[in-house]
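A quick write-up on the structure given underneath.
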Amino acid sequence: MSNNIQTTNNNNQVSNPSDAFRKDLGASMKRLKALLPANVSVEKFCSVAIIAAQNNPDLLLADRQTLLNELLKCAKDGLIPDSREAYLNIYKTKVGNQWIKKVQYLPMVRGIVKIIRKDP
């Protein structure tokens, strides 16, 4: 499956949503590092997030702020969005008169068990 979705910005430059996501994720690395537990590296978390977006290109077309917010929630819980511990799902939400694709992070069974085992 190819991820060749491209858009044109105001300067008539072609931009790839995947590249924009990587840039936004890179800008959020400090916040991610502060939220992630010591046993999960920021690099691993970001790599898995990029792979999740490549496996589900609709994530790149969803509202970018909700995608980043849900990744931060996932990091706060110490879970990795690899579809085993956590999954990033897309919901269409009506805002005003239009439907917007928003992302929601869902902990999976393995992730819930991980959270229960780490809490005292």
Side-chain angles (χ1 to χ4, degrees):
M1 177 183 233
S2 176
N3 187 14
N4 292 331
I5 304 166
Q6 295 183 341
T7 57
T8 306
N9 61 17
N10 292 340
N11 299 332
N12 291 329
Q13 296 174 340
V14 176
S15 65
N16 187 338
S18 180
D19 293 338
F21 173 63
R22 287 173 197 243
K23 183 180 175 184
D24 292 342
L25 196 58
S28 300
M29 284 186 84
K30 286 183 182 178
R31 293 189 327 189
L32 285 169
K33 188 173 185 175
L35 292 172
L36 283 169
N39 64 335
V40 180
S41 71
V42 179
E43 292 79 15
K44 179 180 179 182
F45 185 87
C46 290
S47 295
V48 172
I50 290 168
I51 290 169
Q54 289 173 342
N55 288 338
N56 186 359
D58 286 338
L59 286 172
L60 299 174
L61 300 176
D63 180 49
R64 183 63 44 87
Q65 193 58 48
T66 62
L67 175 58
L68 294 173
N69 287 343
E70 295 304 305
L71 284 171
L72 290 171
K73 288 179 187 178
C74 191
K76 181 180 157 244
D77 288 341
L79 302 180
I80 298 173
D82 60 358
S83 298
R84 288 178 281 196
E85 291 184 9
Y87 181 74
L88 298 172
N89 199 15
I90 299 170
Y91 292 99
K92 289 186 179 179
T93 305
K94 191 166 187 176
V95 177
N97 290 330
Q98 61 182 345
W99 290 89
I100 297 175
K101 292 181 180 180
K102 292 192 174 189
V103 179
Q104 183 177 12
Y105 132 77
L106 302 169
M108 304 303 282
V109 172
R110 184 182 285 185
I112 293 169
V113 169
K114 183 178 177 180
I115 291 170
I116 291 171
R117 285 188 178 165
K118 77 174 183 179
D119 286 340

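Atom set for the values below is all heavy atoms of this structure, side chains included, hydrogens, waters and symmetry mates excluded.
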Check salt bridge (Lys or Arg N to Asp or Glu O under 4.0 Å) between Asp24 and all other residues, then give those that pass, not counting sequence neighbours. Arg64

Could you tell me whether a side-chain N or O of Lys44 sits under 3.5 Å from a main-chain N or O of Ile80, the two making a donor and an acceptor?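 A pair under 3.5 Å: no.
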
Is there a donor-acceptor pair closer than 3.5 Å between any side-chain N or O of Ser28 and the backbone N or O of Arg31? no

Supply the atom-to-atom distance [X] [atom1] to [Y] [atom2], rounded to the nearest 0.5 angstrom.
X	Y	atom1	atom2	result
Ile115	Asp77	CD1	CG	4.5 Å
Asp58	Leu88	CG	CG	12.5 Å
Glu43	Leu36	CD	CG	10.0 Å
Leu59	Glu70	CG	CD	11.0 Å
Phe45	Asp82	CZ	CG	10.0 Å
Asp63	Ile90	CG	CD1	11.0 Å

Side chain to side chain contact (heavy atoms under 4.5 Å, CB included) evaluation trace for Leu32 with Leu25: CA-CA 9 Å; Leu32 285 169; Leu25 196 58; 4.0 Å; yes

Hey, quick one: are [X] and [Y] part of the same hydrophobic cluster, counting side-chain heavy atoms closer than 4.5 Å, chains of contacts allowed?
X	Y	answer
Tyr87	Leu72	no
Leu67	Ile50	yes
Leu35	Met29	yes

Name the residue from Asn89, Asn69, Leu79, Thr66 that meets the side chain to side chain contact (heavy atoms under 4.5 Å, CB included) definition with Tyr105. Leu79

Which heavy atom in [X] sits nearest to a heavy atom in [Y], and how many Å separate them?
X	Y	value
Ala86	Cys74	CB-SG, 3.7 Å
Phe21	Ala53	CE2-CB, 3.9 Å
Met108	Arg84	CB-O, 3.1 Å

Walk me through whether Val103 and Leu71 qualify under side chain to side chain contact (heavy atoms under 4.5 Å, CB included). CA-CA 9 Å; Val103 179; Leu71 284 171; over 6 Å; no

Applying side chain to side chain contact (heavy atoms under 4.5 Å, CB included), run through Asn55 and Ile51 and close with a yes or a no. CA-CA 6 Å; Asn55 288 338; Ile51 290 169; 3.6 Å; yes

